[in-house]
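Below: the structure, in structure tokens.
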Amino acid sequence: MKPKQLWALGLVATVAIGGMAANAESAPCGEEMPCTVSGGTYYIHLPAGHDPSQPLGAVLYLHGHRGKAINALKNKSFQRMADELGVAFVAVQGVNGTWSFPTAPRNLRDEPVFFDSVLEDLAKRFGVDQDRTLLTGFSSGGFMTWYLACEQSDRFSGYAPIAGAFWEPLPQNCPTEPPYLFHVHGTSDTVVPLKGRWLGGGQWKQGDVFESFEIWRRQTGLTETAPETLTDGELSCERWQPEQGLLELCLHDGGHSVRAEWISRAWTLLSDIKGWTG
């Protein structure tokens, strides 16, 4: 069954949530006051001193399992990152703290439709340039980031999943062009190991990160191509360059963690690739 078909299983829940939220979409929001769109909510921190005449980019962050977007919004390192980069920091809330990717235990929302609503709302309310966006997520949020990149890579300008890739069974292929994808993972991660692990008494299995990359490499004819290798601080990276997009896997020797500097690095690389100025 294709990802879109699996996501469609959550449409009933999405319609119900959307109906309740419809009248709240025009309400004022920002910082610790949530913004409501059809299907859910998000929080936004606008960069200090932003010039309204300049394009406003955005980093959208997806929390881990049972996480709360408000906690990410309050994270001072994320706020400083946004201020330094001159971008909006957008913390998106999962339904009941979870994300409905195709192989998830439950499908509670049509996530592609929901994220389209978030992007449209960001443009309307805050003037976010939809051509200057980076989707990042940690752990379960990283799973969701991979699946959104697979479903439609041009929905966001780039993707920066941290400590989370596909689940078993992995997609055979992705019905879209290769994304600009910057993945960071700890070699000592025991929560989401690089090789994945079984959950729920053997009901579900996190996928292998290397096999997740292999899907994109196979699609782009890069299976036999040696990657460019580089070191950036604590990160040891391998990079493949398809005709379109970019695939980068960066490892550190730590465990299950996320750092603002890794997200900032991805934004800076993406900005350089895209030639963004201002």
hydrophobic_cluster_shared for Leu199 and Leu194, side chain cutoff 4.5 Å:
yes
Are the side chain of Gln79 and the backbone N or O of Leu73 linked by a donor-acceptor pair below 3.5 Å?
yes
pair Val37-Tyr42: side-chain heavy atoms closer than 4.5 Å
yes
Any idea which heavy atoms bring Pro161 and Trp146 closest together, and the distance?
CG-NE1, 3.2 Å
Which label fits Phe143 and Trp167: parallel for a plane angle under 30°, tilted from 30 to 60°, or perpendicular past 60°?
perpendicular
Whether the side chain of His183 engages the backbone of Ile162 through a donor-acceptor N/O pair (distance < 3.5 Å, no angle test) should be reported.
no
Go through it in stages, so that I can follow the logic: the residues are Arg259 and Glu234, the test is salt bridge (charged side-chain N to carboxylate O under 4.0 Å, His left out), and I'd like the CA-CA distance, side-chain angles, deciding distance and then a yes or no.
CA-CA 12 Å; Arg259 294 186 182 180; Glu234 65 179 340; 2.8 Å; yes
Does atom NZ of Lys205 have more than 12 heavy-atom neighbours, drawn from other residues, nucleotides or ligands, at distances under 6.0 Å?
yes
I need the single residue from Ile263, Val92, Val90 that forms a side chain to side chain contact (heavy atoms under 4.5 Å, CB included) with Tyr61. Which is it?
Ile263
Can you tell me which residue among Leu134, Leu270, Leu135, Ile273 is in a side chain to side chain contact (heavy atoms under 4.5 Å, CB included) with Ser157?
Leu270
Is there a chain of hydrophobic side chains (I, L, V, M, F, W, Y, each step under 4.5 Å between heavy atoms) that links Trp204 to Tyr147?
yes
To the nearest 0.5 angstrom, please state how far the CD atom of Glu32 sits from the NZ atom of Lys74.
4.5 Å
For Glu120 versus Gln130, what's the shortest heavy-atom pair and its separation?
CA-NE2, 4.1 Å
Measure the CZ-CG distance between Phe78 and Asn71 for me, rounded to the nearest 0.5 Å.
11.0 Å
Should Arg155 and Phe115 count as side-chain neighbours, where that means a heavy-atom distance under 4.5 Å?
yes
Give the intermediate values and the outcome of side-chain contact (heavy atoms from CB on, under 4.5 Å) for residues Leu85 and Ser264.
CA-CA 8 Å; Leu85 294 175; Ser264 178; 3.7 Å; yes
Distance-only, no hydrogens or angles: does the Arg109 side chain make a donor-acceptor pair with backbone N or O of Gly39 under 3.5 Å?
yes
Are the side chain of Arg132 and the backbone N or O of Gly57 linked by a donor-acceptor pair below 3.5 Å?
no
Test item: Ser140 and Phe101 side chains (from C-beta on) under 4.5 Å apart, heavy atoms
yes
Should Val184 and Arg265 count as side-chain neighbours, where that means a heavy-atom distance under 4.5 Å?
no
dist Cys174:SG -> Trp216:CH2 (nearest 0.5 Å) comes out at 4.0 Å
Quick check against the 3.5 Å criterion: does Asp232 have a side-chain atom that pairs as donor or acceptor with the backbone of Leu235?
no
Supply the atom-to-atom distance Cys29 SG to Glu31 CD, rounded to the nearest 0.5 angstrom.
10.5 Å
Assess the side chains of His65 and Trp99: does a donor N or O sit below 3.5 Å from an acceptor N or O?
no
Check: Tyr159/Ser153 side-chain N/O donor and acceptor closer than 3.5 Å:
no
Which class fits the ring pair Trp240 and Phe213: parallel under 30°, tilted 30 to 60°, perpendicular over 60°?
tilted
Please report the C-alpha distance between Cys250 and Phe182 in whole Å, then the side-chain angles of each, then the deciding distance to 0.1 Å, and finally whether the side-chain contact (heavy atoms from CB on, under 4.5 Å) criterion is met.
CA-CA 8 Å; Cys250 291; Phe182 310 89; over 6 Å; no
Can you check whether Leu122 reaches Leu60 side chain to side chain, under 4.5 Å on heavy atoms?
yes
Can you see whether Ser139 engages His256 through a side-chain donor-acceptor pair at a distance of less than 3.5 angstrom?
yes
Donor-acceptor contact below 3.5 Å, side chain Glu238 vs main chain Thr229:
no
So does Asp272 have more than 12 non-hydrogen atoms from other groups sitting under 6.0 Å from CG?
yes
Less than 4.5 Å apart, any side-chain heavy atom of Thr231 and any of Cys237?
no
In sequence, state the C-alpha distance, the side-chain angles, and the governing distance for His63 and Gln93, and then conclude on side-chain contact (heavy atoms from CB on, under 4.5 Å).
CA-CA 7 Å; His63 58 72; Gln93 182 62 50; 3.3 Å; yes
Working to the nearest 0.5 Å, report the span between CD1 of Ile44 and CG of Asp121.
9.0 Å
Would you say Ser100 and Leu108 make side-chain contact, with heavy atoms under 4.5 Å?
yes
Do side-chain atoms of Glu248 reach the backbone of Arg239 as a donor and acceptor pair under 3.5 angstrom?
no
Please examine the side chains of Tyr180 and Lys274, heavy atoms only from C-beta on, and report whether any two atoms are closer than 4.5 Å.
yes
Test side-chain contact (heavy atoms from CB on, under 4.5 Å) on Cys35 and Tyr43; report intermediate values, then the result.
CA-CA 6 Å; Cys35 300; Tyr43 295 82; over 6 Å; no
Side chain Asp208, main chain Gly196, donor-acceptor under 3.5 Å
no
Closest heavy-atom pair, Asp129 versus Pro55, reported as atoms and distance to 0.1 Å, is OD2-CB, 4.1 Å
Whether the side chain of Arg217 engages the backbone of Leu247 through a donor-acceptor N/O pair (distance < 3.5 Å, no angle test) should be reported.
no
Nearest heavy atoms of Thr145 and Ala160, plus distance in Å:
CG2-N, 4.2 Å
Shortest non-hydrogen pair, Pro178 vs Thr220, comes out as CG-CG2, 3.2 Å
Under the 3.5 angstrom rule, does the side chain of His185 hit a backbone N or O of Val192 as a donor-acceptor pair?
yes
Identify the heavy atoms of Pro47 and Ala82 that sit nearest to each other, and give their distance.
CB-O, 3.7 Å
With a 3.5 Å cut-off and no angle check, do the side chains of Thr98 and Asn96 form a donor-acceptor pair?
no
Just checking Gln203: does its CD atom have more than 12 heavy atoms from other residues, nucleotides or ligands closer to it than 6.0 angstrom?
yes
Ring centre gap for Trp267 and Trp262 strictly below 6.0 Å
no
Please lay out, stage by stage, how Glu168 and Arg197 fare under the test salt bridge (charged side-chain N to carboxylate O under 4.0 Å, His left out).
CA-CA 10 Å; Glu168 296 284 354; Arg197 69 182 178 108; over 6 Å; no
According to a hydrophobic-cluster definition based on side-chain heavy atoms being under 4.5 Å apart (Ile, Leu, Val, Met, Phe, Trp, Tyr only), do Met33 and Ile70 belong together?
no
Measure the spacing between CZ of Arg80 and CD of Glu84 and express it to the nearest 0.5 Å.
7.5 Å
